[in-house]
Enquirer: 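Pasting a structure here, questions to come.
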2 protein chains.
Amino acid sequence: MNSICSQSTDSEACKRCKGRYCATKVSLFKSLEESQLKAVTDRIVQKNYEKNQMVFFEGDKSDKLYLINRGKVKIFKYNRDGKEQILYILSEGDFIGDISLFKQVELRFNAQAIDDVNICELTKDDFEEIIKENPEIALKILQSSYDRIEKLESLVQSLSNKDVEARIAGLLLSFIKDFGVPGESEILLNLPLSREDLANYIGVTRETISRKLGSLQDEGILRLEGNKRIVILDLEALEEKYI
Amino acid sequence: MNSICSQSTDSEACKRCKGRYCATKVSLFKSLEESQLKAVTDRIVQKNYEKNQMVFFEGDKSDKLYLINRGKVKIFKYNRDGKEQILYILSEGDFIGDISLFKQVELRFNAQAIDDVNICELTKDDFEEIIKENPEIALKILQSSYDRIEKLESLVQSLSNKDVEARIAGLLLSFIKDFGVPGESEILLNLPLSREDLANYIGVTRETISRKLGSLQDEGILRLEGNKRIVILDLEALEEKYI
DNA sequence: CGATAGTTTGATCTTCGTCAATGGGGGTGG
DNA sequence: CCACCCCCATTGACGAAGATCAAACTATCG
């Protein structure tokens with residue numbers, strides 16, 4: 001999912017075209033024809049959220065579909081001890097809100113912008129209208145809900161792992177898959193999350209993350225560059241930690 | 001989901017009718033008319049699995065839909081340290097296999113009978129045929145996949161809880177919801193799982209489960225009756241532990 | 001260049017896992 | 001009908017690993 005639209009020029013274009021690009025970007029609408037795409041686009045309202053701003057809160061009435069157009073959004077709940085448990089990191093092309101469209105009336109989690117984020121919003125009614133006109137979208141929703149199930153199952157798998165090092169390895173590997181930039185022998189990883197968020201993802205404290213990343217660096221598996229960049233030096237060794 | 005068909009008489013009927021009852025029992029097929037129901041029934045193959053028998057294995061080719069007709073089935077994976085991580089407990093009326101029907105070719109988890117189990121099996125091809133004839137089933141699949149997502153999200157929530165007592169409380173509460181029999185002031189809970197399985201569900205050891213259940217008993221919150229029965233004495237206190 | 005939020009490091013405490021021994025209940029065979 | 005056995009659960013002692021609290025450090029941005 002390497003963002004064309006995250007370049008500034010294109011995001012300019014996005015504004016001009018009133019969200020058309022974001023509709024094409026979302027896999028849900030990829031199959032639509034030009035005219036239908038226009039119908040979707042006309043119903044979309046674009047919004048910008050700046051870094052750390054909340055997109056919605058747990059308990060909010062769920063009456064919209066949110067399509068991520070640019071940036072990243074973290075979806076999380078608070079657990080018993082008041083810490084965030086991150087469930088998903090959504091990027092460009094992903095969408096959320098669907099679950100509640102057919103069933104729930106309240107959102108079951110919080111959504112917060114990680115970057116500066118541009119989101120296309122579609123009301124529940126409009127969305128259902130679109131589905132009626134294009135029933136094949138329902139199948140795509142099903143598809144994407146399976147993707148979500150898979151993500152959750154592997155998160156469960158990871159959380160059930162006692163060994164914290166294995167959990168971190170798993171987290172890094174999944175980030176590499178999503179956001180990694182392969183070099184000649186190394187892989188550059190621009191972390192979308194702070195240490196604290198990393199910790200919240202795999203259910204440990206930020207101190208533990210620090211220590212474990214430190215020891216992975218000592219072992220020569222990776223190199224930490226500032227707070228937001230990690231260079232993976234030995235992918236195989238990292239995979240070994242996870243398996 | 002209180003089982004009519006788990007009574008012996010009815011399960012006799014099930015055999016005679018060649019699976020018709022199991023088709024009606026499954027929410028997927030509830031909307032079907034008599035004639036369509038018959039079409040489904042004719043394609044179903046019933047199988048019995050005895051306690052602890054495996055229904056399928058992770059990595060098996062996924063070419064069937066499994067509808068639970070009687071009994072309970074646990075769905076699990078093995079994690080890095082070789083222990084089971086239980087993902088779902090399926091009972092009568094639930095089904096599994098759907099996820100792989102449209103996408104994967106390999107099952108991503110193991111299924112094992114907890115009780116003596118009766119399962120109706122439907123091939124992938126037959127199922128797709130049925131969906132074509134009854135498109136409204138697709139929507140039900142979507143619905144049930146949302147249910148699954150909810151289950152997983154709350155499992156994640158629970159696993160991310162450091163406090164083991166809270167995790168156990170959460171597990172008990174979810175069992176109460178599914179299998180609890182309310183009395184006058186107490187709630188009787190017939191556990192579907194062994195101590196070891198309970199432990200595998202929330203990612204701790206069986207010894208820890210024993211100790212924590214013991215201390216909940218000491219606090220007067222519940223009473224242990226043998227290995228498979230728990231009487232909940234103070235539901236509010238239990239909920240307090242979870243919140 | 002300085003302020004500040006985020007990160008790392010250290011020392012101590014708590015909790016759960018591990019290993020080993022004991023206990024009990026249900027089913028089977030005498 | 002009882003005794004025995006086996007499986008499962010419980011209990012105890014100990015150690016390891018991560019949480020917590022506190023302090024030092026550093027990246028980043030104005």
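Computed over heavy atoms, backbone and side chain alike; hydrogens, waters and symmetry mates excluded. Lettering follows sequence order; numbering is per chain, from 1.
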Enquirer: Is there a side-chain contact between B/C120 and B/F95 (heavy atoms, below 4.5 Å)?
Expert: no

Enquirer: Quick check: on DNA chain D, is the nucleotide nearest B/N52 upstream (toward 5') of the one nearest B/T208, or the reverse? Name the residue that is more 5'.
Expert: B/N52

Enquirer: What is the distance, to the nearest angstrom, from the CZ atom on B/R206 to the C1' atom on D/dC7?
Expert: 11 Å

Enquirer: Between atom CZ in A/R195 and atom P in D/dA27, what is the gap in whole Å?
Expert: 11 Å

Enquirer: Return whichever of A/G226 or A/K83 has its heavy-atom-nearest nucleotide of DNA chain D closer to the 5' end.
Expert: A/K83

Enquirer: Please check if any side-chain donor atom of B/N200 sits under 3.5 Å from a side-chain acceptor atom of B/Q85, or the reverse.
Expert: no

Enquirer: Check each residue of residues 211-219 of chain B for a non-hydrogen atom within less than 4.0 Å of any atom in DNA chain C, then write out the ones that pass by number, or none.
Expert: B/R211, B/K212

Enquirer: Any base atoms under 4.0 Å from B/E207, or only sugar-phosphate, or nothing? Heavy atoms, all strands.
Expert: base

Enquirer: How about A/F56 and A/Y66: are their ring centroids closer than 6.0 Å?
Expert: yes

Enquirer: Are the charged groups of B/K47 and B/E121 less than 4.0 angstrom apart, N to O?
Expert: yes

Enquirer: Using whole Å, report how far CG of B/L224 lies from C1' of D/dC8.
Expert: 14 Å

Enquirer: On DNA chain C, which is the earliest and which the latest nucleotide, 5' to 3', with an atom closer than 4.0 Å to a heavy atom of chain A?
Expert: C/dT7 to C/dG17

Enquirer: Measure from the side chain of A/T205, starting at C-beta and using heavy atoms only, and say which of D/dA19, D/dA9, D/dG18 lies closest.
Expert: D/dA19

Enquirer: Test B/N69 against B/K25 for side-chain hydrogen bond (donor to acceptor under 3.5 Å, both in side chains), laying out the working first.
Expert: CA-CA 8 Å; B/N69 189 30; B/K25 223 184 279 178; 2.9 Å; yes

Enquirer: Return the value, rounded to whole Å, for the distance between atom CG of B/L191 and atom P of D/dC8.
Expert: 15 Å

Enquirer: Is any NZ, NE, NH1 or NH2 atom of the basic residue among A/K241 and A/E236 found under 4.0 Å from an Asp or Glu carboxylate oxygen of the other?
Expert: no

Enquirer: Answer yes or no: is there a side-chain heavy-atom contact under 4.5 Å between A/L152 and B/E153?
Expert: yes

Enquirer: Is the shortest side-chain N to carboxylate O distance from A/R223 to A/E225 below 4.0 Å?
Expert: yes

Enquirer: Which whole-number value in Å describes the distance from A/K228 NZ to D/dA27 P?
Expert: 15 Å

Enquirer: May I ask you to decide if the ring planes of B/Y78 and B/F76 are parallel, tilted or perpendicular, using 30° and 60° as cut-offs?
Expert: perpendicular

Enquirer: Whole angstroms only, please: what is the CD1-C1' distance between A/I209 and D/dA17?
Expert: 15 Å

